[in-house]
A.B. asks: 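Sharing a structure below in structure tokens format, with a few things to ask.
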Amino acid sequence: MGVRDNVKVAVVGCGGISRRHLEGYAKTGRTELVGVADIIGEKAEAAAEKFGGTAYASTTELLAAQQPDLVSVSTPPGSHAEIAIEVLRAGHSVLLEKPPVLSLAELDAVAEAERASAGSVYVIFQHRHGSGALRAAELLGRGALGIPQVAVCETLWFRPRSYFDPEWRGTWVGEGGGPTLGHGIHQIDLLLHLLGPWKTINATAVRLDRPVEFEDVSMASVIFESGAVATVINSLLSPRELSRIRIDTTEGSLEVDHVYGYSDADWTFHPVPGAKRAASLGQDPGVRTATGALAGAAADETGSDPWTASAGADVASSHSAQLDRLIDDLAAGRPHDTTLASTRPTMEFVTALYASSVAGTAVDRADLTPDHPFYRALNGGLPEAQLAESFAI
Ligand SMILES: NC(=O)c1ccc[n+]([C@@H]2O[C@H](COP(=O)([O-])OP(=O)(O)OC[C@H]3O[C@@H](n4cnc5c(N)ncnc54)[C@H](O)[C@@H]3O)[C@@H](O)[C@H]2O)c1
């Protein structure tokens, strides 16, 4: 696609989250909605009435009638791979909702279809796209915030038992996995995006309370290729909800603390105490003074720190933030950075977390070859009774 100001878009799956796609595209002012599709006809018609375009009853009908540049896929995760492959075979690009697919086998099948197509595959991970994460990735990437050593990644959310009332919820077939896949994946993806390739995971996933076939809490300790270490926890049992990533580097602590979306105010960088200045004042570096300031903090010596100095326009993390960047990229003929390939480490992480918990041993990223039992399914294709047992406490 050359430089253009009118990117033709379509949306498949007109349920809850599709609205964020439809509103986000409209907000860019640079898209034309050519079609919407849903297997429930009224849902497609309602979306077309509100946002424009023609309503279709399936992806196949939509592709027979339209030539979209980009198709958003906001259907349940179990249908993503099949729809993505159909769109790619028709030569168009795809934007998959998270989780992009339900297994590494599906991911590789979509990647193969992408290689044979004129289209590309992108994934919604909106928390990579707020100004806070863009700054964090850029500064960490060039070492301006020091070398990451220790990290904490928490998705402590609350879903009551009634959340699992719909028949498909809480099942491997309907959801593909528990909070590790469906909820914690946002924070996990951001952590991996910021820290680079992970190497080894030791995990425990357990079912403590909710009526589900898989876990309602999972915990992992992770070693990264860089030598950094992290703990990751995902819970649906936590009444005061929070989503948090903290990265302690040789230069300071970078932290984002939010629930479902952050703005710049939710990010902090706490520089390492400046030993020289603290010594000149006869204080121990890192000790807080009566005013709460850090004695000899690096920021005091320079008047600023790299995090504060890089502040610019505040863009909250949201679908709109990612769609804006994506449409900018497509309109300019540039590749968009949140590709399917860039999300493979995240799907590998989720796969390894389940595999490690079930096997009771550490799993290396390098172990996840096509002959690994968890390559084809996040439950390892194990018999129901064995699975139920392995998540029981
Ligand atoms: N990025 C986020 O923050 C976020 C938040 C919520 C949901 N999601 C993701 O969005 C996706 C959809 O979730 P939702 O909450 O909107 O679900 P939903 O059930 O509200 O909507 C899904 C829609 O897809 C339709 N559909 C199902 N199969 C189809 C098919 N083969 N072809 C066409 N239409 C089909 C259904 O009829 C329904 O209208 C999931 O992958 C979910 O994980 C992402």
Side-chain angles (χ1 to χ4, degrees), residues 10-24 35-48 50-51 53-64 68 71-87 94-103 106-107 110 121-130 133 155 157 159 163-171 173-190 234 236 241 243 258-262 316-323 326 338 340 343 346-347 350 378:
V11 173
V12 176
C14 301
I17 208 67
S18 67
R19 208 187 165 86
R20 301 276 168 82
H21 291 247
L22 292 159
E23 287 172 351
V36 288
D38 199 295
I39 46 173
I40 300 175
E42 305 90 77
K43 287 192 164 192
E45 276 149 30
K50 189 163 169 44
F51 294 96
T54 308
Y56 298 97
S58 68
T59 310
T60 310
E61 278 184 26
L62 178 125
L63 295 176
V71 179
S72 275
V73 179
S74 47
T75 57
S79 56
H80 289 183
E82 193 182 329
I83 296 172
I85 289 170
E86 188 175 357
V87 175
V94 189
L95 175 62
L96 291 175
E97 256 302 344
K98 62 88 307 239
V101 287
L102 291 186
S103 67
E106 282 190 356
L107 192 144
V110 176
V121 186
Y122 309 106
V123 180
I124 285 278
F125 272 122
Q126 70 266 30
H127 300 310
R128 291 192 193 185
H129 295 272
T155 302
W157 290 4
R159 297 292 181 271
Y163 172 81
F164 298 98
D165 284 349
E167 223 166 88
W168 58 274
R169 283 245 170 91
T171 65
V173 170
E175 289 200 86
T180 312
L181 175 76
H183 306 80
I185 198 167
H186 282 295
Q187 254 56 240
I188 293 169
D189 178 76
L190 182 54
N234 309 290
L236 292 184
E241 296 191 301
S243 310
H258 65 122
V259 182
Y260 299 129
Y262 60 74
S317 66
S318 66
H319 279 71
S320 183
Q322 180 168 0
L323 293 181
L326 171 61
T338 309
L340 180 69
T343 69
T346 303
M347 283 306 296
V350 170
L378 293 177

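Whatever order the structure lists them in is the order used to number ligands and atoms, beginning at 1. Quick note: numbers below take in every heavy atom, side chains included, and nothing from hydrogens, waters or symmetry partners.
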A.B. asks: What protein heavy atom sits nearest atom 31 (N) of ligand 1, and how far off is it?
C.D. replies: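 The protein heavy atom lying closest is I83 CD1, 3.9 Å.
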A.B. asks: Which protein non-hydrogen atom lies closest to atom 17 (O) of ligand 1, naming both residue and atom, and how far is it?
C.D. replies: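 Here the closest protein heavy atom is G16 N, 4.5 Å.
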A.B. asks: Have a look at V12 and tell me which of V94, V71, V87 forms a side-chain contact (heavy atoms from CB on, under 4.5 Å) with it.
C.D. replies: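 The residue from V94, V71, V87 that satisfies side-chain contact (heavy atoms from CB on, under 4.5 Å) with V12 turns out to be V71.
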A.B. asks: Which protein heavy atom lies closest to atom 21 (O) of ligand 1, and at what distance to 0.1 Å?
C.D. replies: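 Atom 21 (O) of ligand 1 sits closest to the protein heavy atom G15 CA, 3.2 Å.
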A.B. asks: Check ligand 1 against H80 and write out every atom of the ligand that is under 4.0 Å from a heavy-atom position of the residue.
C.D. replies: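 Matching atoms, with element in brackets: 41 (O).
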A.B. asks: Backbone, side chain, both or neither: what part of K98 comes under 4.0 angstrom of ligand 1, heavy atoms only?
C.D. replies: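 Answer for K98: both.
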A.B. asks: If you scan the protein for heavy atoms around atom 19 (O) of ligand 1, do you find one that is closer than 4.0 Å?
C.D. replies: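 No, because not a single protein heavy atom sits under 4.0 Å from atom 19 (O) of ligand 1.
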A.B. asks: Between E82 and ligand 1, which residue portion shows a heavy-atom distance shorter than 4.0 Å: side chain, backbone, both, or neither?
C.D. replies: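 Answer for E82: neither.
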A.B. asks: Would one find more than 12 heavy atoms of other residues, nucleotides or ligands at under 6.0 Å from atom CZ of R159?
C.D. replies: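 Counting neighbours around CZ of R159, more than 12 heavy atoms of other residues, nucleotides or ligands fall under 6.0 Å, so yes.
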A.B. asks: Is I124 touching ligand 1 with its side chain, its backbone, both, or neither, if touching means heavy atoms under 4.0 Å apart?
C.D. replies: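 Just the side chain.
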A.B. asks: If you measure only the distance, is there a donor-acceptor pair under 3.5 Å linking the side chains of E106 and H80?
C.D. replies: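 Side-chain D/A pair, E106 to H80: absent.
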A.B. asks: Parallel, tilted or perpendicular: which fits the ring planes of W157 and H183, with parallel below 30° and perpendicular above 60°?
C.D. replies: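 It falls in the perpendicular class, over 60°.
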A.B. asks: Are E23 and K50 ion-paired here, with the side-chain N under 4.0 Å from a carboxylate O?
C.D. replies: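 No, no charged N to carboxylate O under 4.0 Å.
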A.B. asks: Just to confirm my output: which protein heavy-atom neighbour is closest to atom 28 (N) of ligand 1, and how far is it?
C.D. replies: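 Result for atom 28 (N) of ligand 1: I39 CD1, 3.6 Å.
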A.B. asks: Find all atoms of ligand 1 within a distance of less than 4.0 Å from any non-hydrogen atom belonging to K43, and give their numbers and elements.
C.D. replies: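 That gives atoms 38 (C), 39 (O) of ligand 1.
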A.B. asks: Can you tell me how far CG of D38 sits from CD of E45, rounded to the nearest 0.5 angstrom?
C.D. replies: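 The CD atom of E45 sits 10.5 Å away from the CG atom of D38.
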A.B. asks: Can you name the nearest heavy-atom pair linking C14 to A47, along with the distance?
C.D. replies: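 Taking C14 first and A47 second, the nearest heavy atoms are SG-CB, 4.0 Å.
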A.B. asks: Rounded to the nearest 0.5 Å, what's the gap from OG1 on T75 to CD1 on I39? Could you check?
C.D. replies: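 Reported to 0.5 Å precision, the distance equals 8.5 Å.
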A.B. asks: Can you say whether the rings of H186 and F125 are parallel (under 30°), tilted (30 to 60°) or perpendicular (over 60°)?
C.D. replies: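 It falls in the perpendicular class, over 60°.
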A.B. asks: Got the closest protein heavy atom to atom 8 (N) of ligand 1, with its distance?
C.D. replies: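 Of the protein heavy atoms, E97 OE1, 3.8 Å lies nearest.
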A.B. asks: Note the single closest protein heavy atom to atom 3 (O) of ligand 1, along with its residue, its atom name and the distance in Å.
C.D. replies: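 Minimum-distance protein heavy atom for atom 3 (O) of ligand 1 reads Q126 NE2, 2.8 Å.
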A.B. asks: So is I17 polar-close to ligand 1, meaning N/O to N/O under 3.5 Å?
C.D. replies: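 It does: an N or O of I17 is found under 3.5 Å from an N or O of ligand 1.
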A.B. asks: Using a 4.0 Å heavy-atom cut-off, which part of H319 comes near ligand 1: side chain, backbone, both, or neither?
C.D. replies: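 Answer for H319: side chain.
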A.B. asks: Considering only heavy atoms of P77, which atoms of ligand 1 have at least one such atom less than 4.0 Å away?
C.D. replies: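 So the answer, numbered in order with elements, is 40 (C), 41 (O).
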A.B. asks: Is S243 reaching over with its side chain to a backbone N or O of Y260, donor-acceptor style, under 3.5 angstrom?
C.D. replies: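 The answer is no, because no donor-acceptor pair under 3.5 Å joins these two groups.
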A.B. asks: Counting only nitrogen or oxygen atoms and a 3.5 angstrom limit, does P76 reach ligand 1?
C.D. replies: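 Among all N and O atoms of P76, none is under 3.5 Å from an N or O of ligand 1.
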A.B. asks: With side-chain hydrogen bond (donor to acceptor under 3.5 Å, both in side chains) as the criterion, how do T338 and H129 come out once you've worked through the C-alpha distance, each side chain's angles and the decisive distance to 0.1 Å?
C.D. replies: CA-CA 9 Å; T338 309; H129 295 272; 2.7 Å; yes
A.B. asks: Does any N or O atom in D38 lie less than 3.5 angstrom from one in ligand 1, N or O only?
C.D. replies: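 Yes, D38 has an N/O under 3.5 Å of an N/O on ligand 1.
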A.B. asks: In terms of heavy-atom contacts, does CD of E61 have more than 12 from other residues, nucleotides or ligands at under 6.0 Å?
C.D. replies: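 Count over threshold, so yes.
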A.B. asks: May I ask which of T75, I40, L62 has a heavy atom nearer to atom 11 (C) of ligand 1 than the others do?
C.D. replies: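 Nearest heavy atom to atom 11 (C) of ligand 1 lies in T75.
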A.B. asks: Show which atoms of ligand 1 fall inside a sub-4.0 Å distance from at least one heavy-atom site of P99.
C.D. replies: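 That gives atoms 43 (O) of ligand 1.
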A.B. asks: Which atoms from ligand 1 have a heavy atom of H186 less than 4.0 Å away?
C.D. replies: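 So the answer, numbered in order with elements, is 1 (N), 2 (C), 3 (O).
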A.B. asks: To which protein heavy atom is atom 24 (O) of ligand 1 closest, and what is the distance rounded to 0.1 Å?
C.D. replies: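 Looking at atom 24 (O) of ligand 1, the protein heavy atom closest to it is G13 CA, 3.5 Å.
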A.B. asks: Before signing off on this row, confirm whether S18 and ligand 1 have an N or O atom pair separated by under 3.5 Å.
C.D. replies: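 N/O-N/O distance below 3.5 Å does not exist for this pair.
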A.B. asks: Out of curiosity, S74 OG to L22 CG, how far, rounded to the nearest 0.5 Å?
C.D. replies: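 Between S74 OG and L22 CG, I get 7.5 Å after rounding to 0.5 Å.
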